[in-house]
Protein chains: 2
Amino acid sequence: MIDETLSEKEQIRSAGLKVTHPRMRILELLENSSKAHLSAEEVYRMLIESDEEIGLATVYRVLTQFEQSGILQRHNFETGHSVFELDRGEHHDHLLCVSCGMVEEFHDEQIEKLQHEVAERYDFKTIDHSLTIYGNCKECKNGR
Amino acid sequence: MIDETLSEKEQIRSAGLKVTHPRMRILELLENSSKAHLSAEEVYRMLIESDEEIGLATVYRVLTQFEQSGILQRHNFETGHSVFELDRGEHHDHLLCVSCGMVEEFHDEQIEKLQHEVAERYDFKTIDHSLTIYGNCKECKNGR
DNA sequence: ATACTGTTGATAATCGTTATCATTTGCGTA
DNA sequence: TACGCAAATGATAACGATTATCAACAGTAT
């Protein structure tokens, strides 16, 4: 979960990481992206298009570090690759359009509560949970 | 969703597939397994151990065909590989122990209903949905 | 039994991701 | 400000899971 009042530099520092060129560029990119959910390959391509000489290995490494320090969240939808988004603190679930790939976020307190009850019922210590609804969005449902 | 009253042979036939040795063995294995959720590699290894000469490529192919014809369900938990289980019709969600890999199934009608409401709220046509709770099971939570 | 088409198995290829390692770079210290 | 060193980088090899290729083989309708 990030503190929006911290600058990129401060966020990276407080994650215990050196403030380097690749890390700054990647964090800026995530914060300025119009798409909330990006894959490593997408981040890499966007950097290349901005004439940044950042290797693919570095992109994967930095994204993983950002995830581990809580700057980013990683999601594994059923697409065969991970996508990342800024962790803004509020837990949410996803609606994913299988036609156009669009991702919509939602939060439902009632569902959250029921999930905790289920975990309790099975004597499970919840670490994380993910709920994704796959389907067709408004646009794709009708024409396209 | 499979009809339990159909024999393996009939299930394969009604999927529009030829009744072959590998398909029979794989379906039998799934139906007799004590573990409900198996990966392609696990199925392959179990076949090898039963002295079955079935190639890994065939295992992947058959599992995919069984999934497409509704005999199996495929799940992509956050483990990096797919697992398969017989589709018995009743939708359910999963509790996954990140320590021992144990998978527990549950069904909560209330959660189902709330998910439909969310989809409606966003004008989404639901095709599928998956809810997985990651954590530590009863055993792993305490000693191990 | 025959023929035709789907299926199989060995293996190469692919995809997303991680490991390796020589070179470079932040950054605390002198 | 220059120095030194551990941490970080980038090119690329390696990896694990899965899919494609293709010649040999096997169900099944006739």
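Below, all heavy atoms of this structure are taken into account, side chains as well, without hydrogens, waters or symmetry copies. First the proteins, then the strands, lettered A, B, ... as listed; each starts at 1. From a predicted model like this one, the values you see are computed outputs, not experimental measurements.
Separating the CD1 atom in B/Ile12 from the CD1 atom in B/Ile71 is a distance of 6.5 Å, to the nearest 0.5 Å. Rounded to the nearest 0.5 angstrom, B/His37 NE2 and B/Leu96 CG are separated by 8.5 Å. Rounded to the nearest 0.5 Å, atoms CZ (B/Arg23) and CZ (B/Arg13) are 12.0 Å apart.
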Test B/Asn136 against A/Phe124 for side-chain contact (heavy atoms from CB on, under 4.5 Å), laying out the working first.
CA-CA 6 Å; B/Asn136 288 116; A/Phe124 237 71; over 6 Å; no
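When the salt bridge (Lys or Arg N to Asp or Glu O under 4.0 Å) test is applied to A/Arg61, no partner is found at least two apart in sequence or on another chain. Evaluation of the side-chain hydrogen bond (donor to acceptor under 3.5 Å, both in side chains) rule for B/Glu78 yields A/Asn76 as partners, not counting sequence neighbours. With sequence neighbours excluded, the residues forming a ring pair (Phe, Tyr, Trp, His ring centres under 6.0 Å) with B/His92 are B/His94, listed by chain and number. B/His116 is linked by a side-chain hydrogen bond (donor to acceptor under 3.5 Å, both in side chains) to nothing, counting only residues two or more places apart in sequence or in another chain. A search for salt bridge (Lys or Arg N to Asp or Glu O under 4.0 Å) contacts involving A/Lys35 returns A/Glu42, not counting sequence neighbours. Looking at residues two or more places apart in sequence or on another chain, you find no salt bridge (Lys or Arg N to Asp or Glu O under 4.0 Å) involving A/Asp93.
Positionally, the nearest nucleotide of DNA chain D for A/Arg23 lies more toward the 5' end than for the other of B/Tyr60 and A/Arg23.
Using modelled atom types, one finds a donor on one side chain and an acceptor on the other under 3.5 Å when comparing A/His91 with A/Glu112.
Summary for the helix from C/dA1-D/dT30 to C/dA30-D/dT1: the axes at its two ends, each from 5 pairs, differ by 30° when rounded to the nearest 10 degrees.
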Kindly give the atom pairs (protein nitrogen or oxygen, nucleotide nitrogen or oxygen) under 3.5 Å for nucleotides 20-24 of chain D.
none

Show every donor-acceptor pair shorter than 3.5 Å between a side-chain atom in residues 49-57 of chain A and any protein atom, with sequence neighbours excluded, or say none if there are none.
{"from": "A/Ser50", "atom 1": "OG", "to": "A/Met46", "atom 2": "O", "distance (Å)": "2.7"}
{"from": "A/Glu52", "atom 1": "OE1", "to": "A/His21", "atom 2": "NE2", "distance (Å)": "2.8"}

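Protein atom CG of A/Asn76 is 15 Å distant from nucleotide atom P of D/dA17, rounded to whole Å. Rounded to whole Å, the distance from CD on A/Glu78 to P on D/dT18 is 13 Å. Straight-line distance from the CD1 atom of B/Ile54 to the P atom of D/dC25: 17 Å, rounded to whole Å.
Applying the salt bridge (Lys or Arg N to Asp or Glu O under 4.0 Å) definition to pairs two or more places apart or across chains, those involving residues 117-132 of chain A are A/Arg121-B/Asp108, A/Asp123-B/Lys141.
Residues of residues 14-21 of chain A having a heavy atom closer than 4.0 Å to DNA chain C, listed by number: A/Lys18, A/Val19.
On the nucleic acid side, DNA chain C contacts chain A at distances under 4.0 Å to non-hydrogen atoms, with the end points of that region at C/dG16 to C/dC27.
Note on B/Ser82: only backbone sugar-phosphate atoms sit closer than 4.0 angstrom, heavy atoms only; bases stay farther off.
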